[in-house]
Number of protein chains: 2
Amino acid sequence: MSHVQTEQMNPTPSSVSENIPADVPAELHAKLGRKRDLTRDPEILEAALDVLAETGYDGMTIDMVASRAKAGKATIYRRWPSKAELIIDAVSCMRKNNLPTSELPDTGTLRGDLIAMIKPQSIKEGDRKFQIMAGVLAMISQAPELADAANTAIVAPRAQANLLLMQRAIDRGEISAKSDIQTLSLVTPAMIAHRILILRTPINREFLVSLIDGIILPAVGLPHP
Amino acid sequence: MSHVQTEQMNPTPSSVSENIPADVPAELHAKLGRKRDLTRDPEILEAALDVLAETGYDGMTIDMVASRAKAGKATIYRRWPSKAELIIDAVSCMRKNNLPTSELPDTGTLRGDLIAMIKPQSIKEGDRKFQIMAGVLAMISQAPELADAANTAIVAPRAQANLLLMQRAIDRGEISAKSDIQTLSLVTPAMIAHRILILRTPINREFLVSLIDGIILPAVGLPHP
DNA sequence: GATATCCGGAACTGCAGAGTATCGTATGGA
DNA sequence: TCCATACGATACTCTGCAGTTCCGGATATC
């Protein structure tokens, strides 16, 4: 990280007590209950994620985010105190866009369920998410809470979905209850991350199917179809 | 990445043709066959890897590398034209330190071989390698050749070792020849990377054993011991 | 329509860090 | 012993970007 400036000076401008300036810092803003264009927030966060996915944390500049969101730089700093906090917020807010567990497929077989989770749209979306992950990784060592945010927003949902599907397979007696489904549920996210981050190869259907048929199903004792 | 400067100006100082200065740039240096303290190169590269593992690409400064190697900043720039090339060189040179395949264990069983590869020293060394990987990831999008270098130096050797052990297990009839050992050989590196990069949890013996007993062996049809 | 507030745009400041230049010194070869 | 070269240290320049400030215009409320 390049410039991690002096960290939060003058939380209250106590030197001049004349009156509140037109543009007040973000924290005060929220607390004073001023009205703001609330539709700008998600647009800016989305722009930040785009730039992050494309250029990485250090390649990303606030000007890029501002121009992509057609916003002024000042507008961004009115809402977030620093670049770091903007990104943490952006990544944290990704969680909302995850599909709820109620929408999980239920085909009757584990393989059917796992295959059903492969959809063109989810592949593309997953690609972007892991690009964001790559952009964020550089910053993780300085802001550990970001690791949690990224994990919660990007890999945990996938792992959780896998875990539920496998648990259901155990419950219906399809696979052995001794399977280490906790570890197994992490295999696909880890392999996807490895492929995108290190091999720089985009995800496709064949790859995901080979993970299912070559690793997951054999590991839980199901014969290759 | 912060400062990716203007990229290679005046390859030959044609403006002044007086004589060659005492300290010539690195490229000329090598070509002219001047004598240099060759023992400094690996020390500087090693220092660069240390700093890289600790602070990441953008956190790393040339001054840090110089002082860690007890070298002058100018000495580094005499040998490498830029920070980026220094790091690419450092990562590329890691390959040499990998143990040759001839030293692979041969216990007679796949599980025995895989377990035998877990040694305290290899865990520690692996930890550092993947920290370096984390540091390098930020830069990969701008220098794709670095992805190859990192892959070749860090994950490929592990995968290759796994692959050989599994192939031997097939050859001796221990496991089915239909096993997708190509994909399986990537599981441990990918899971290790995931754990270090995203979960920020250090590797230990229990984790590696659970990968072997919970995923690899079940996936090739060997019963849990 | 007057007032207040926020907006986008743009100019500005400050600083860290890449890369360069210089200097006094250590070293090795003739 | 002398010369050449490369060394470490240090001081320097230059540039990109985080964060700030200012301004004219849009919007909303009354």
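Throughout, protein chains are lettered first and strands after them, A, B, ... in sequence-line order, and every chain is numbered starting at 1.
Atom CD of Gln142(A) is separated from atom P of dA18(D) by 14 Å (rounded to the nearest Å). What separates CZ of Arg78(A) from P of dC22(D) is a distance of 13 Å, to the nearest Å. In this structure, the CD1 atom of Ile62(B) is 16 Å from the C1' atom of dT15(D), given to the nearest Å. When the P atom of dA6(D) is taken as reference, atom CG of Asp41(B) falls 13 Å away, rounded to whole Å. With rounding to whole Å, Asp58(A) atom CG is found 12 Å from dA18(C) atom P. The distance from atom CZ of Arg40(B) to atom P of dG8(D) is 5 Å, rounded to the nearest whole Å. Taking atom OH of residue Tyr77(B) and atom C1' of nucleotide dT22(C), one finds them 17 Å apart after rounding to whole Å. The separation between Glu85(A) atom CD and dG19(D) atom C1' is 14 Å, rounded to whole Å.
Within the structure, side chain to side chain donor-acceptor pair (under 3.5 Å) contacts touching residues 187-203 of chain B (residues at least two apart or in different chains) are Asn162(B)-Thr188(B).
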Decide salt bridge (charged side-chain N to carboxylate O under 4.0 Å, His left out) for Asp106(A) and Arg168(A); before the verdict, give the C-alpha distance in whole Å, the side-chain angles of both, and the deciding distance to 0.1 Å.
CA-CA 9 Å; Asp106(A) 191 358; Arg168(A) 289 204 314 222; 3.8 Å; yes
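Checked against dA18(D), dG8(D), dA21(C), the side chain of Ala74(B) finds its nearest nucleotide in dA21(C). Listed nucleotides dG17(C), dC7(C), dG19(D) differ in distance to Lys83(A); the shortest reach to its side chain belongs to dG19(D). Taking only side-chain atoms of Lys73(B), from C-beta outward, the nucleotide of dG19(C), dG8(C), dG8(D) with the closest atom is dG19(C).
Phosphate proximity of dC6(C) to Arg79(A): absent, as no side-chain N or O sits under 4.0 Å from OP1 or OP2. For the pair Thr61(B) and dG17(C), the criterion of a side-chain N or O lying under 4.0 Å from OP1 or OP2 is not met.
Within the 4.5 Å cutoff, side-chain heavy atoms of Tyr77(A) are placed close to those of Ile62(A).
Between Glu46(B) and Arg128(B) there is a salt bridge, since at least one side-chain N of the basic residue sits less than 4.0 Å from a carboxylate O of the acidic one.
Residues satisfying the side-chain contact (heavy atoms from CB on, under 4.5 Å) test with Ala219(B), not counting sequence neighbours, are Pro218(A), Ala219(A), Leu184(B).
If you check distances only, the side chain of Lys70(B) never reaches the base of dG8(D) with a donor-acceptor pair under 3.5 Å.
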